[in-house]
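A note on names: the letters A, B, ... follow the listed sequences, proteins ahead of strands, and every chain is numbered from 1.
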2 protein chains.
Amino acid sequence: MATAREVAARAGTSTAVVSYVFNDGPRNVAPETREKVLRAAAELNYHPNALARALSFGKTRSIGLIVPDIANRFFGELARALEEAAAARGNLLLIGDSGLNPEREQSHVAAFVQRRVDSVVLVSLADDPDVAPFAEAAIPVIALHPLAAREGVSTISIDYKAAAGAATRHLLDHGYRTIAMFNGPSDSAGSRQHREGFELALSEHPEVAATIYNSQISRAHSAQVALDILARPDRPRAVYCSTDEQAYGVLFACHRLGLRVPDDVAVTGFDGTEHSAYSYPPLTTIRQPIPEIAERVVHLLTGDAANLPVYETAAFDLVVRESCGQHDESPAAP
Amino acid sequence: MATAREVAARAGTSTAVVSYVFNDGPRNVAPETREKVLRAAAELNYHPNALARALSFGKTRSIGLIVPDIANRFFGELARALEEAAAARGNLLLIGDSGLNPEREQSHVAAFVQRRVDSVVLVSLADDPDVAPFAEAAIPVIALHPLAAREGVSTISIDYKAAAGAATRHLLDHGYRTIAMFNGPSDSAGSRQHREGFELALSEHPEVAATIYNSQISRAHSAQVALDILARPDRPRAVYCSTDEQAYGVLFACHRLGLRVPDDVAVTGFDGTEHSAYSYPPLTTIRQPIPEIAERVVHLLTGDAANLPVYETAAFDLVVRESCGQHDESPAAP
DNA sequence: CTGAAAGCGCTTACAG
DNA sequence: CTGAAAGCGCTTACAG
C-alpha cells in the first residue's frame, strides 16, 4: 500500500501537503499543487491509513454498537438505521453482537475501548451493565433501553410503561377479560416497565383475570411456553407480548393448536418491525420509531459531548392490525 | 487513558517490557517484573491502544463483513456465526451493512481498506463486484455467493443449482404440474443458478407448466407480486422461492387471498434460517449450513493466506416441512 | 502557500 | 532478562 510519503515524493512535495489535500485543511494548498498530489495519489492508488490517521488525530470517526442479538429483526433494523445516520456524517458503525451471551457483551466493551471508538450505542443484556470501562476512557455512551441505575449514562427510549399500557388498554377495549402477559425472561428495568404498564391498565378493570409468564425473546421458546398455556381449558382470551418475536411464537402455537387468531385468542406484539405487517394474521403492535431514535442518537454522539448525558423519551405508535380483533368503529366486546 | 509509557514508569521498567507482558512475547519477562507491570496496569486502568498496536504490528486482527442487508435474517445469522468464529480466534468482526444500496457497499469497501482489516467476507449486491481495492491492498476476500468472474476471489457456497433442483424435484414428486418460480430481482450469477437448477429438474417433466417471476428479496415486494399472480384463475399449484423472505411474502399473499397452504398452493423457500420452522405453515426449504460455512471461512482467513484463493462447495439440506404438502411415506400426487 | 520535525502509542530487532 | 531507540503512517503547530 502506498503511503503519504511516497505520494509526496512523486508529487514533489511534503507529507504535510498530502495531508492538507486529503483533509481539506487545516492549511490551504495551491490549486496546481493539489492537482499534482491528487494525480500522484491516483497513480499510486493511495488510500490513507485510517489507523495512523486516528492515532495522530485522536478520533477514529467510528461509533460502536452493542446489541443482544443481531439476528433479531429489531436490532437488525436498528443497526441499519444507525449505520445510515452514521455514514451520513462520515462515521463508521462498528457492530458488536453479543449473541445473547453476557461475556461476549463484556468482550465487546473491552474491544471498543481498545479500538478507541469515539462513542457507543448500547443495548445491554444486563439490567445494570458495567460501563465503567467507557467512563474511564471518556467514551460517551447512549443506552437505548431503560437502565436500573442512571449514573451518568445517557438514555433514549420510548416510555415502555405508557406503551405497555396502551397495548393492554386496547385489548381491554376489545372486551377481553382473561389476559396473559408474555414478558421477557429476567427482572430487568425493561420488563419491569412492561409489567407496570400492563398492571396499571388492568387496575381499572378488577374483574379481569391476568397471569404473567416469562419467556425468552425467541420464537422457539415463546412458542414452547404458549403451547403449554394455550392447550389448557382455562386458556386466556388474549395475550400481551413484550416483543414481536414472542408474539410470533404465540401465533405459531395458536396455529399448532388449531386456535384461530383473533377469534379464539387475540395477540399483541411490541417493537413493530416491518415484518409485523406480514405475519398471519398481521400483528397489532407498538411501533418504536427506530429511524428517529437512530438519527437523534447519532446527532448527539457526533455533536458536542458537553450536551451529554441526556435522558430522552421517544414517541411510540400503537399500530392496530388484525391479531387483536375486529377493527370496528366501536371497539366493544366482540 | 493511561499509556504503556505511564505503566512502565510506575512499574519502574520500560515500554518494551510492558509490551512483552501484554503480548506474552516475543521475549520472556521475569515473574516479579511481570507482576509489577500487571499491578501498575491495573492501578492505572491501562487498555492497550489497538490502533497503535495495529499500526506497529501490521495486523488489525479484524475481519470485515459486507452484507446486502443486515436486517435480513439470513445475514443476521451469518453475522452472528462469523462473529463467534472470529472471536474464538481473537479477531473482531466489523460488519458493513450495504442496506441494499450499491454505493454504500462501495463505501464499505473503501472504509475497510482504509481501516486495514486483515481480510474480508463479502456478500455483494453486484453480480461482479469491484474488489480491486482489496486486491491492491493485498487483503484476502472470500465471497459467499457465486461470482460472475472468479478472478482470484475465493468462493465458498452451496451448489445453488443442485439445491434448486432438489427443491423443484420435491415439488414435482408431490405431483404438482403448474409451478411458478419466484427468483431474485437481477440477472445475477446466483439467480442464474437458481433458474438452471429449476429448469433442469423441470426438463424431466415436459408436461409441467412453469413460469418465472422476479421479485425483490423482501416480504413486502414478494407479497405484492404474489397477490397479483395468485389472484388469477390460472394460478400455479406450487411456488418455488429463491429465498425464505420471498416465501414468507407468498404465504402472506395466500392468506390474504383465502388460499390454503399447501392444499391450494404449495410453497418452498430457500436459506433455511431458524424462523422457517415458525411460519404458518412451517416452511419446506433448503437449509444453508451457516455455522459450518462461517467456521470454514474464518479458519481460512485467519490461517495461511498462501492457501487462498479457494473455491469450495458446502453441503445443503432439503428440510421438508408442511408448506409443500403432506409428508406421506409415498410422496405421490395429492 | 509549503516543509522539516515532533508526536500519537505501540512493537521489535538490536545490544547488553 | 531488560532497555534505548527506530519505525509503523499519519497530523499539525511552528517557521519560513
Side-chain angles (χ1 to χ4, degrees), chain A residues 1-38 40-41 44-62 90 111 113-118 136-138, chain B residues 1-38 40-41 44-62 90 111 113-118 136-138:
Chain A
M1 293 246 55
T3 68
R5 175 183 304 273
E6 299 174 67
V7 173
R10 186 175 192 105
T13 182
S14 70
T15 60
V17 170
V18 173
S19 171
Y20 299 153
V21 169
F22 273 82
N23 295 303
D24 266 329
R27 304 273 158 264
N28 280 329
V29 175
E32 317 91 89
T33 314
R34 154 172 266 109
E35 265 313 308
K36 277 192 285 191
V37 168
L38 257 15
L44 293 172
N45 233 297
Y46 172 64
H47 295 274
N49 183 322
L51 276 61
R53 180 201 291 241
L55 183 60
S56 181
F57 186 63
K59 287 242 163 281
T60 53
R61 295 182 77 83
S62 60
V113 170
Q114 292 185 183
R115 273 161 211 271
R116 304 295 194 267
V117 296
D118 297 333
E136 284 155 11
Chain B
M1 294 248 51
T3 67
R5 173 184 307 273
E6 298 174 68
V7 173
R10 187 177 193 103
T13 181
S14 70
T15 60
V17 170
V18 173
S19 171
Y20 300 153
V21 169
F22 273 82
N23 295 303
D24 266 330
R27 304 270 159 266
N28 280 330
V29 175
E32 315 92 89
T33 316
R34 152 171 268 110
E35 264 315 305
K36 278 192 285 190
V37 169
L38 257 15
L44 293 173
N45 233 296
Y46 171 64
H47 295 275
N49 183 322
L51 278 60
R53 180 201 291 242
L55 183 60
S56 181
F57 186 63
K59 287 241 161 281
T60 53
R61 293 184 76 85
S62 60
V113 169
Q114 292 185 184
R115 275 163 209 269
R116 305 294 194 266
V117 296
D118 296 333
E136 284 154 11

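Between B:P31 and A:R5, it is B:P31 whose nearest contact on DNA chain D lies nearer the 5' terminus.
In this structure the side chain of A:F57 never reaches within 4.5 angstrom of the side chain of A:N23, judged on heavy atoms. Counting heavy atoms from C-beta outward, B:R10 and B:L44 have side chains that approach closer than 4.5 Å. Considering only heavy atoms from C-beta on, B:R116 comes within 4.5 Å of A:M1 through its side chain. With a 4.5 Å cut-off on side-chain heavy atoms, B:V113 and B:E136 do not count as touching. The shortest side-chain heavy-atom distance between B:R34 and B:D24 falls under the 4.5 Å cut-off.
For residues 14-23 of chain B, proximity to DNA chain D is found at B:S14, B:A16, B:V17, B:Y20, defined as any non-hydrogen atom under 4.0 angstrom from a strand atom. Within residues 53-62 of chain B, the residues approached by DNA chain D to less than 4.0 Å at the level of any non-hydrogen atom are B:L55, B:S56, in residue-number order.
Residues that satisfy the side chain to side chain contact (heavy atoms under 4.5 Å, CB included) test with B:A11, not counting sequence neighbours, are B:T13, B:K36, B:V37, B:A40. Residues forming a side chain to side chain contact (heavy atoms under 4.5 Å, CB included) with A:A30 (at least two apart in sequence, or on another chain): A:E32, A:T33.
The backbone N or O of A:A111 sits nowhere less than 3.5 Å from a side-chain atom of A:Q114 that would complete a donor-acceptor pair.
Nearest approach of A:T60 to A:R115, heavy atoms of both residues: CG2-O, 3.7 Å. The two residues B:L51 and A:A54 have their closest heavy-atom pair at CD2-CB, 3.2 Å. Pairing each heavy atom of B:A4 with each of B:Y46, the nearest pair is N-CE1, 3.4 Å. Contact between A:V7 and A:A41 at its shortest, heavy atoms only, is CG1-N, 3.9 Å.
D:dT12 and D:dG16 have their C1' atoms separated by 16 Å, with the value rounded to a whole Å.
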Report task. Starting at the 5' end of DNA chain D, write a dot or bracket for each base, bracketing those in Watson-Crick or G-U wobble pairs whose two distances are under 3.5 Å and using | for partners on another strand. Result -> |||.||||||||.|||

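With values rounded to the nearest 0.5 angstrom, B:N49 atom CG is found 11.0 Å from B:S56 atom OG.
In summary, contact between chain A and DNA chain C, defined as any nucleotide atom under 4.0 Å from a heavy atom of the protein, begins and ends at C:dC1 to C:dG9 in the 5' to 3' direction.
Using a 4.0 Å heavy-atom cutoff across all strands shown, A:N49 reaches sugar-phosphate atoms only and no base atom.
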